[in-house]
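One structure is given here, and the rest of the page talks about it.
In the text below, chain A, chain B and the rest are named by the order of the sequence lines, each starting its count at 1.
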Number of protein chains: 2
Amino acid sequence: MSRKPNLKDVAKVAGVSAITVSRVLTDPTKVSDKLRNKVEQAVRETGYIRNHAASALASSRSGVIAVIIPSLSNIVFNEVLQGIYQTARPNNLQVVLGDCHYSPLEEEKLIATLLGQSPEGIILTGAAQTDYARKLLERADIPVVQLMELTDQPIDMNIGFSHFHAGYDMTKHLLQRGYRTPGFIGARMDPRTQQRLAGFRQALADWPQPCQSFVQTTTQPSSARLGGQLLQALIAESAGKCDAVFCCNDDLALGALFEAQKMNLAVPGDIAICGFNDLESSSLVNPSITSVASARFDMGKQAVEMLLAAAGKPRKSIAPIDVGYQIIARRST
Amino acid sequence: MSRKPNLKDVAKVAGVSAITVSRVLTDPTKVSDKLRNKVEQAVRETGYIRNHAASALASSRSGVIAVIIPSLSNIVFNEVLQGIYQTARPNNLQVVLGDCHYSPLEEEKLIATLLGQSPEGIILTGAAQTDYARKLLERADIPVVQLMELTDQPIDMNIGFSHFHAGYDMTKHLLQRGYRTPGFIGARMDPRTQQRLAGFRQALADWPQPCQSFVQTTTQPSSARLGGQLLQALIAESAGKCDAVFCCNDDLALGALFEAQKMNLAVPGDIAICGFNDLESSSLVNPSITSVASARFDMGKQAVEMLLAAAGKPRKSIAPIDVGYQIIARRST
DNA sequence: ACGAAAAATGATTGCGCAACCATTTTGACT
DNA sequence: AGTCAAAATGGTTGCGCAATCATTTTTCGT
């Protein structure tokens, strides 16, 4: 066999019809043991691999799910992806992944491209899709899961947690620990970061006594290095009065901590630091960093399970699933 | 239009033939401005998205490349992936990604599955593929790139650097700085980690004076937490004589550093620490950690470019590409 | 041992698109 | 205006598979 073998070639080797080979590959229980063995051997012998395009075209089932994340470099989405991949594999689903770089327009283009794969379902991050993207998704008539945050107007299904409430609670935590002039540093300023900041502001507004607060943000991508820079900017802005920093994520928090050490600022003595996402390092550094934990792996897993459960059925509106979060108080506050 | 529109539907709306619509989508220069505008509007109006399966079947071009990495949780592969995705997108290539969990058998199954997508090329991590996997890849007759490490017997193309030499050079660096009883801690113990360890041992063997050395390894997945545990094991094994630790990667190194701080060991005074991969944090912690930098993003980028360059042409054996590495000496040694 | 039902197997057809070749239209030149 | 080449457009067909329906074989009860 020089060229790539197809069903017929395998059938000839096994001495059966093409459709029997097809059945062995899709549902072996439908074929007698005798033929099945012959076919399986012929498959191994020829190194046959089913042509996905032809299979998808004939059956109108692609065995693919589409996933769009805003960034490949943010480790947070990695954990979600792990949950997605680990759940997809045993269900014989291929994942086609796109990175939209936090841009709704890029996301729209990706959605258009990925829908061409006739995915059985699609998982999106956040709820900031363009109108045309929403139109395409509705037209596609496949299950859609919006992940990470909660929204009032989901396209279809939704699972996540409230970044506003998490930001609110974390700020309250700082206030309860006695910090009265807190700052917020934020990078990227994507919708979820903005919700955290909104939570920060609301918590301050709700606090019985008025507090002075400081905010330093940038739309640059987040990184530990940037955390150090933003900390400096915050200290400069507040003329050193700032006594606690709420970092919009743990990368910034780690960078801020390392920078504070370089400036000989005691943490939390001179300045408290807290982050968001509860990365592994946050629990290991000295001092360990207070953060917000959420079930990222689980969200990915559940998203795939939701797609599987919804596949084929008509859309029935399911209430958004709130997976919650947890403030992990540590020595840095 | 209730059901999903196909080429014919769009053609009818635009008042042209189906094949003209197809041409507008694949090569707009082949169609006159007048018709192109009509068609493009009809596409927008109907929300038409080309059926990838049918397109791939008819043209025998899938526009897909397959990528297999050993782990989604290891941030190192993320950077490679970024290079891959960023290069694939402008070339209209979809990436289908698989995670083989460092298992050649899982990798074999993944290869079989992914080849079913008729990818235009495939990118693999390392050079430990099974015989059957190699057979499948040769049968598939598509460009293959083996990434990250160098091998004498590449399946097709190969780009990476020598982990043995990097491990060797890093160990020499420790010896040159005066450390005489170095230890090595390693997790996962995948082929590349083993090559680094082999480099460590060879450098010690080549050193003029005999040195005592210590090794602590585990096949558990790598993590910062594990780095702390392995440091403790190493110190116990060496009864505190160990004066430097070569960590097989920066996650372990960071964990080891944090653990040393908790044990009140001065770094590098009581014990030097170095890592591998040069993650961002390694340059920011106090003291900053000596590490091995490599062009991960670039490797991913180049791998895709190599696939593109090789597409369609018969395989001509190309010499493995060595992207090299760099020892970044910092305060921890 | 016979017939009916169930299980196993096979033949035909169409999924939606692009390759291929045929036809029509346009444009350049005499 | 007439001719011819080039550009633009369209019709037909097959890619490889699985759905559907048709046929054959097996199984089981009596």
Side-chain angles (χ1 to χ4, degrees), chain A residues 1 3-40 42-43 46-64 92 113 115-120 140 312, chain B residues 1 3-40 42-43 46-64 92 113 115-120 140 312:
Chain A
M1 187 67 48
R3 61 185 175 69
K4 235 187 298 184
N6 61 19
L7 265 188
K8 246 189 236 168
D9 299 322
V10 179
K12 204 180 293 171
V13 171
V16 299
S17 72
I19 188 64
T20 300
V21 177
S22 170
R23 274 196 274 256
V24 170
L25 294 172
T26 49
D27 185 359
T29 65
K30 281 186 176 169
V31 178
S32 66
D33 291 1
K34 208 180 87 191
L35 285 197
R36 184 168 59 244
N37 288 337
K38 275 205 288 186
V39 169
E40 279 171 351
V43 167
T46 53
Y48 171 74
I49 293 173
R50 174 161 39 185
N51 182 319
H52 174 261
S55 171
L57 186 58
S59 68
S60 57
R61 305 204 62 246
S62 66
V64 160
N92 288 313
T113 309
L115 285 181
Q117 305 262 355
S118 315
E120 322 259 333
Chain B
M1 186 67 47
R3 64 185 172 70
K4 237 188 295 183
N6 61 19
L7 266 187
K8 245 189 239 168
D9 298 323
V10 180
K12 202 178 296 171
V13 172
V16 299
S17 73
I19 188 63
T20 299
V21 178
S22 171
R23 274 197 274 257
V24 170
L25 295 173
T26 50
D27 185 0
T29 65
K30 284 186 174 170
V31 178
S32 66
D33 290 3
K34 206 181 89 193
L35 284 197
R36 184 168 59 245
N37 289 337
K38 275 206 288 186
V39 168
E40 279 170 352
V43 167
T46 54
Y48 171 74
I49 293 173
R50 176 160 39 186
N51 182 320
H52 175 262
S55 170
L57 186 58
S59 69
S60 56
R61 303 205 63 245
S62 66
V64 160
N92 287 314
T113 308
L115 285 181
Q117 306 260 356
S118 317
E120 320 259 335

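- Here the shortest heavy-atom pairing between A:Ser55 and A:Ser59 reads O-OG, 2.7 Å.
- OP1 or OP2 of C:dC17 has not a single side-chain nitrogen or oxygen of B:Ser22 nearer than 4.0 Å.
- Closest contact between the side chain of B:Thr20 and the listed nucleotides D:dA19, D:dT9, C:dA18 involves D:dT9.
- In this structure, A:Leu25 places its CG atom 9 Å from P of D:dC17, rounding to the nearest Å.
- By the 4.0 Å N-to-carboxylate-O rule, B:Arg36 lies close enough to B:Asp33 to be salt-bridged with it.
- Using a 4.5 Å cut-off on side-chain heavy atoms (C-beta onward), A:Val39 and A:Val31 make no contact.
- Comparing C:dG14, C:dC17, C:dA18 by their nearest atom to the side chain of A:Ala58 picks out C:dG14.
- Rounded to an integer number of Å, the gap from B:Leu57 CG to D:dC17 P is 9 Å.
- When side chains are defined from C-beta on, A:Tyr48 does not count as touching A:Val13, because their heavy atoms never get closer than 4.5 Å.
- One can place NZ of B:Lys8 at 9 Å from P of C:dG16, the figure rounded to the nearest angstrom.
- A:Ser32 comes within contact range of the sugar-phosphate backbone alone, with a heavy-atom separation under 4.0 Å but no base atom that close.
- The distance from atom CG of B:Leu7 to atom C1' of D:dG10 is 14 Å, rounded to the nearest whole Å.
- For A:Arg23, the side-chain atoms get nearest to C:dG10 when compared with the rest of D:dG11, C:dC17, C:dG10.
- Spacing between atom CD1 of B:Ile19 and atom P of C:dC21 amounts to 14 Å, rounded to whole angstrom units.
- Atoms NZ (B:Lys38) and P (D:dG10) sit 9 Å apart, rounded to a whole Å.
- Side-chain nitrogen and oxygen atoms of A:Tyr48 include at least one within less than 4.0 Å of the OP1 or OP2 phosphate oxygen of D:dC17.
- Distances were taken from every side-chain heavy atom of A:Ser17 (C-beta onward) to each of D:dG16, D:dA18, C:dG10; the shortest belongs to C:dG10.
- When distances are taken from the side chain of A:Asn51 to each of D:dC17, C:dC17, C:dG10, the shortest belongs to D:dC17.
- Distances shown here put a side-chain N or O of A:Arg50 below 4.0 Å from the OP1 or OP2 atom of D:dA18.
- Between the CG atom of A:Asn6 and the P atom of D:dA18 there is a distance of 12 Å, given to the nearest Å.
- The separation between A:Lys34 atom NZ and D:dT26 atom C1' is 12 Å, rounded to whole Å.
- In this model, the phosphate group of C:dA18 is approached by a side-chain N or O of B:Ser55 to a distance below 4.0 Å at OP1 or OP2.
- A distance-only check finds no donor-acceptor pair linking the side chain of A:Ser118 to the backbone of A:Ser62 [under 3.5 Å].
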